[in-house]
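Contents: one structure, followed by commentary.
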Amino acid sequence: MAGYDHTAIETKWRDTWERERTFATPTDRSKPKYYVLDMFPYPSGDGLHVGHPKGYVATDVVARARRMMGFNVLRVMGWDSFGLPAERQAVKEGIHPRAVTVRNVARFKSQLSNLGLSYDWDYELATSDVKYYRWTQWIFLKLFERGLAYQAEVPVNWCPALGTVLANEEVKDGKYVETGDPVEKRMMKQWMLRITAYAERLVDDLEAVDWPEGIKQMQRDWIGRSEGAEVRFEVDGHDASFEVFTTRPDTLFGCTYAVLAPEHALVDAITTDAQRGAVAAYREQVSKVAERDRLAQAADAPKTGVFTGAYAICPVNGQKVPIWIADYVLAGYGTGAVFACPAHDERDHAFARTFDLPIVEVVSGGDVQAAAYTGDGPHVNSGFMDGLDIDGAKKRVIAWLEEHGRGRGTVQYRLRDWLFSRQRYWGEPFPLVHTPDGRVVPVREEDLPVRLPELDDYRPTEDGQPPLARAQDWVHTTLPDGTPATRETNTMPQWAGSCWYYLRFVSPHDEGAAWEADAEHYWMPVDLYVGGAEHAVLHLLYARFWHKVLYDLGLVSTKEPFQRLFNQGMVHAMSFNDSADGRGRFYYPYQVEQRDGDWVAKDDGRPVHTKVMKMSKSRYNVTNPDDVCTRHGADALRLYELFMGPLEDGAMWEDAGVAGTRRFLDKVVRLMELPRDESFVDKAADRALHGAIKKVTEAVESLRFNTAISDMMIATNELTRAGTVRTDQLEALVRILAPFAPHLAEELWEGLGHRGGISFVAWPEVDEAKLAVDTVTIAVQVNGKLRGNIHVAPDADKDSVLAAARAESSVAKYLDGVTIRREVVVPGRLVNFVVG
RNA sequence: GCGAGAAUGGCGGAACUGGUAGACGCGCCGGACUUAGGAUCCGGUGGGGUGACCCGUGGGGGUUCGAGUCCCCCUUCUCGCACCA
């Protein structure tokens with residue numbers, strides 16, 4: 001491998017940075033601050049592949065450039081180190097989860113260290129460190145005191161393989177999203193956090209943050225705010241009633257039946273003897289269908305249900321309508337009951353058709369017997385709403401309902417409260433104890449932390465209690481007044497630690513507080529938060545929720561934690577599989593080869609299918625950054641990570657691409673050996689250089705690094721072509737290159753005669769005069785087709801441009817003998833003659 | 001099914017508010033240096049004719065002097081949500 005000795009240079013400068021504590025977090029508060037944060041990783045046993053550091057490299061470029069631009073930068077890294085995989089690995093190996101975690105963290109840290117990321121490692125933290133989780137417990141106490149934590153007997157997602165419950169969000173298609181283990185429904189007493197109390201603000205405050213619109217929309221959808229009305233229906237012949245929630249109270253006159261969720265509390269009371277058998281059978285049948293299947297139905301799917309024999313009174317017109325139960329009404333949303341207007345709701349329409357229930361039109365504009373009409377139109381058959389459109393009718397009917405005490409306008413959210421307990425070992429213990437008389441008492445702040453007890457068996461107990469129940473000495477405790485009590489044995493979910501780590505980072509060594517108020521005030525909010533889009537909903541929503549609670553308590557100074565969010569795209573790589581659907585055996589790249597254009601396995605020649613897939617160890621398509629660093633160097637790797645394409649897009653990793661960015665760095669090194677002449681002027685070279693300065697400067701804000709790197713390549717090519725260089729040109733180039741390729745930039749900077757490192761050297765200024773051009777090339781079109789080019793002064797007036805265009809021989813022949821109907825002149829761009 | 005985004009050479013991708021499509025890089029081809037090279041350097045590289053011409057940004061319409069860019073319809077892909085009343 002020719003070129004510079006990257007190993008020597010990179011080792012030298014990493015050692016220098018470490019020795020001189022170059023990236024220690026600034027403590028003076030005189031400069032503007034910039035808090036740039038990576039979503040901290042879960043330190044998995046697989047180590048890093050080249051896809052992981054893409055975001056870290058991007059933030060490092062921002063951090064390094066901001067330092068040179070005069071900002072105090074907070075640049076830190078830590079570990080989201082509680083969690084299930086370590087616990088499972090511990091069981092497998094017969095060692096402590098802490099040992100697994102320590103090992104994995106060491107591996108991650110060593111891999112990251114090779115990349116020259118400018119973290120202040122003194123600020124490193126880990127959520128499983130008791131010095132950290134004591135404050136997670138402290139925040140939980142704040143939530144508890146505010147009444148935001150409560151216990152409830154709830155249907156939970158029980159995962160038998162893991163022996164724990166999962167939050168709704170962690171379950172998809174009846175499986176745990178992380179491992180694919182099956183999940184079933186079970187009733188259990190669990191700790192919940194009242195995130196729904198913040199639903200409205202979690203939606204509204206999205207307006208104030210600079211996040212990708214798509215992510216904001218996903219959060220809005222997840223919270224699922226919908227405006228409508230709650231309406232009371234009396235049950236005919238019973239002293240009973242039920243509430244329904246509807247977004248279309250304007251269609252109340254079209255109500256021809258009502259539906260309760262099969263689990264609805266009223267069902268037993270109102271079912272007639274004649275229907276009791278059928279109702280019981282239906283409920284039995286529904287209970288066997290997992291919720292996943294129940295929810296996975298489309299709106300127009302065939303409906304099932306059973307008549308209860310009872311009737312409800314429609315409050316607007318006194319009409320008697322049959323009450324059914326059906327599984328398309330969900331117990332967990334709204335009130336678990338709906339009124340049905342088959343004329344204007346697809347689901348109700350499908351149900352009415354199945355059971356031959358009447359369909360009454362109340363909004364004109366469609367053929368409601370054929371299909372539900374959900375569009376707008378004048379209301380009919382609707383008494384006091386006749387003639388109004390949907391909007392007007394809604395307002396009128398809500399006023400009517402409120403006036404008559406039969407309902408009111410309300411807002412419903414899809415968001416449910418957060419299931420916050422897990423039956424695991426490797427998580428934060430709840431700072432709570434239970435008294436013999438059934439009270440729950442929070443542990444006093446001064447008695448924190450509640451340390452995780454040492455165990456040698458991390459499985460649930462035989463009688464189904466969480467692993468912490470095995471630590472009987474720990475479980476049995478006393479209140480400060482001596483009353484015996486038992487500790488809560490659930491632990492918090494992995495999300496807990498990541499809900500506030502960005503706050504701990506402002507003062508991670510503080511023993512007396514979760515964070516120092518001054519430091520919080522100075523550093524918050526996070527100016528730029530970069531991570532994968534997979535956290536678009538869960539982590540970001542939970543963290544925002546906690547942050548708002550802390551804001552209400554006056555403990556943080558900003559309403560939102562993350563001012564700007566950016567999602568880096570995933571890194572993909574070619575995978576080889578002997579089955580076209582990717583379910584067969586995977587092959588490593590070295591195990592396959594191309595024969596006559598087709599990919600085959602080297603050993604037995606069987607055909608393999610290629611597919612670009614997300615990089616992962618299980619697909620045999622990972623590239624280890626350590627190997628790339630060894631071969632091409634960390635600087636070339638960093639450049640390639642960003643050069644692959646726009647940061648937010650997915651891109652395919654190709655090892656050959658790194659060779660390209662490495663060649664670029666070699667070219668930069670050779671620039672240093674060109675003849676030096678401080679009075680030498682090459683306008684094209686200066687223009688390219690200042691174009692690159694401008695583009696890189698903008699990229700620090702826009703994060704469009706791929707084109708910025710391209711412009712640095714162009715500048716380097718131009719300087720090479722010029723053949724002679726000035727020192728100031730080299731200095732400028734090295735400085736804008738420094739955030740991307742810091743090791744080499746340090747070496748070159750030193751080589752240019754500077755001492756003290758490049759990390760805090762002032763960022764170069766763009767000289768607009770150097771961007772100016774002497775002549776511009778103007779395209780000349782005839783009827784929109786390019787016929788020639790002319791070169792004119794940038795400020796040439798319209799007439800002279802037209803004259804030059806007409807005179808151009810390649811153009812003139814198209815103008816000969818035709819009438820010019822129109823002349824379009826775009827200054828500095830083109831001329832178009834319209835002839836005919 | 002609904003919502004959001006995307007589709008440009010062999011590949012990753014450039015193209016500011018509509019204004020010379022294909023920057024930069026990979027790969028490939030040719031050359032140089034070499035005992036040799038998967039090393040390095042230089043040159044070429046959208047397709048077709050191969051003269052100074054035609055065709056080209058998923059497909060079809062439209063607006064415009066001019067469309068990768070704007071509008072309508074369609075196809076495909078990615079992501080998210082999925083009976084939420």
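Each chain gets a letter, A, B and so on, in the order the sequences are listed, and its residues count up from 1. Please read all numbers here as calculations on a predicted model, not as lab measurements.
Considering only the side chain of Thr707(A), A14(B) comes nearest among C54(B), A14(B), A82(B). Relative to the side chain of Leu330(A), the nucleotides C84(B), C65(B), U20(B) differ in distance, and C84(B) lies closest. Comparing A85(B), G19(B), U40(B) by their nearest atom to the side chain of Leu830(A) picks out G19(B). Picking from C84(B), C26(B), C65(B) the nucleotide with the shortest atom distance to the side chain of Ala656(A) gives C26(B). Distance from the side chain of Trp222(A) is smallest for C81(B) among the nucleotides G25(B), C81(B), A85(B). Counting only heavy atoms from C-beta on, Phe643(A) has its side chain closest to G12(B) among G12(B), A85(B), C53(B). Counting only heavy atoms from C-beta on, Met218(A) has its side chain closest to G80(B) among C65(B), C24(B), G80(B). Side-chain atoms of Asn706(A) lie closest to A14(B) of the nucleotides A14(B), A23(B), G19(B).
Aromatic rings from Phe566(A) and Trp211(A) are positioned such that their centres are separated by 6.0 Å or more. Ring centers of Phe833(A) and Tyr814(A): at least 6.0 Å apart, outside the cut-off. Residues Phe705(A) and Phe643(A) place their aromatic rings such that the two centres sit no closer than 6.0 Å.
At the heavy-atom level, Met713(A) lies under 4.0 Å from the strands shown only through sugar-phosphate atoms. Residue contacts for Val338(A): at a heavy-atom cut-off of 4.0 Å it reaches a base atom on one of the strands shown. Looking at heavy-atom distances under 4.0 Å, Glu823(A) makes no contact with the nucleic acid at all. In this structure, Asp221(A) reaches neither bases nor backbone, as no heavy-atom distance under 4.0 Å exists between it and the strands shown. If you check every strand for non-hydrogen atoms under 4.0 Å, Tyr257(A) touches nothing. Backbone-only engagement by Ser226(A) is indicated by non-hydrogen atom pairs under 4.0 Å involving sugar-phosphate atoms exclusively. Here Arg663(A) lies in heavy-atom contact (under 4.0 Å) with sugar-phosphate atoms only. Arg787(A) comes within 4.0 angstrom of sugar-phosphate atoms only, judged by non-hydrogen atoms across all strands, and of no base. Heavy atoms of Asp711(A) sit nowhere under 4.0 angstrom from any nucleic acid atom. Heavy atoms of Gly332(A) sit nowhere under 4.0 angstrom from any nucleic acid atom. Nucleic acid contact class of Gly214(A) (heavy atoms, under 4.0 Å, all strands): none. At the heavy-atom level, Arg670(A) lies under 4.0 Å from the strands shown only through sugar-phosphate atoms.
Using atom C1' as the reference point in both C11(B) and G27(B), the two lie 7 Å apart (nearest Å). One C1' atom belongs to G38(B), the other to G46(B), and the distance between them is 28 Å to the nearest Å. Rounded to the nearest Å, the gap between the C1' atom of U76(B) and that of G58(B) is 8 Å. Straight-line distance between the C1' atoms of A7(B) and A14(B): roughly 16 Å, to the nearest whole Å. Rounded to the nearest Å, the gap between the P atom of G66(B) and that of C28(B) is 43 Å. Atom name C1', nucleotides U20(B) and C2(B): the rounded distance is 42 Å, in whole Å. As rounded to the nearest Å, G61(B) and C54(B) have C1' atoms that lie 24 Å from one another. If you take atom P in G59(B) and the same atom in U69(B), they sit 11 Å apart, rounded to whole Å.
In this entry the distance linking CD of Glu534(A) with P of G80(B) reads 10 Å, nearest Å. Rounded to an integer number of Å, the gap from Phe233(A) CZ to A85(B) C1' is 12 Å. Met574(A) has its CE atom 10 Å from the P atom of G12(B), to the nearest Å. Computed from coordinates, the Leu737(A) CG to C24(B) C1' distance equals 15 Å when rounded to whole Å.
Between Arg347(A) and the phosphate of A85(B), there is no side-chain N or O to OP1/OP2 separation shorter than 4.0 Å. An OP1 or OP2 oxygen of G18(B) is reached within less than 4.0 angstrom by no side-chain nitrogen or oxygen of Arg829(A). Between Arg704(A) and C16(B) there is no side-chain N or O to OP1 or OP2 distance below 4.0 Å. OP1 and OP2 of A23(B) both lie 4.0 Å or more from every side-chain N or O belonging to Asn717(A). Not one side-chain nitrogen or oxygen of Arg248(A) sits closer than 4.0 Å to the OP1 or OP2 atom of A85(B). OP1 or OP2 of C53(B) has at least one side-chain nitrogen or oxygen of Tyr814(A) nearer than 4.0 Å.
Phe355(A) and Phe351(A) have tilted rings, their planes meeting at an angle from 30° to 60° on a 0 to 90° scale. Ring geometry, Tyr640(A) versus Trp653(A): the interplanar angle exceeds 60°, so the pair is classed perpendicular (tilted spans 30 to 60°).
We find the CE-CE distance between Met574(A) and Met615(A) to be 11.5 Å, quoted to the nearest 0.5 Å.
Base pairing of U35(B) is not made with any nucleotide, judged by Watson-Crick or G-U wobble geometry with both donor-acceptor distances under 3.5 Å. Nucleotide C77(B): paired with G5(B) (Watson-Crick or G-U wobble, both distances less than 3.5 Å). C11(B) is paired with G25(B) under the criterion used here, namely a Watson-Crick or G-U wobble arrangement in which both key atom distances are under 3.5 Å. With a cut-off of 3.5 Å on both pairing distances, A85(B) has no Watson-Crick or G-U wobble partner at all. Summarising the base pairing, A67(B) is matched to no nucleotide, lacking a Watson-Crick or G-U wobble pair whose two defining distances lie under 3.5 Å. Pairing of U20(B), defined by two Watson-Crick or G-U wobble distances under 3.5 Å, is not identified with any nucleotide. Summarising the base pairing, G51(B) is matched to no nucleotide, lacking a Watson-Crick or G-U wobble pair whose two defining distances lie under 3.5 Å.
With respect to the salt-bridge test (charged N to carboxylate O, under 4.0 angstrom), the residues Glu263(A) and Arg283(A) do not qualify.
Taking 90° from 0 as the syn/anti boundary, the base of G25(B) is oriented anti.
Thr775(A) contributes no side-chain N or O that, together with a main-chain N or O of Val792(A), makes up a donor-acceptor pair within less than 3.5 Å. With hydrogens and angles disregarded, no donor-acceptor distance shorter than 3.5 Å links the side chain of Lys695(A) to the backbone of Asp711(A).
Mapping Lys785(A) and Thr246(A) onto RNA chain B by nearest heavy atom places Lys785(A) at the nucleotide closer to the 5' end. A residue-by-residue look at Tyr413(A) and Thr720(A) shows that Thr720(A) has its nearest nucleotide of RNA chain B further toward the 5' end.
Cation-pi contact between Lys303(A) and Tyr328(A): present, with separation from the ring centre below 6.0 Å and deviation from the ring axis of at most 45°.
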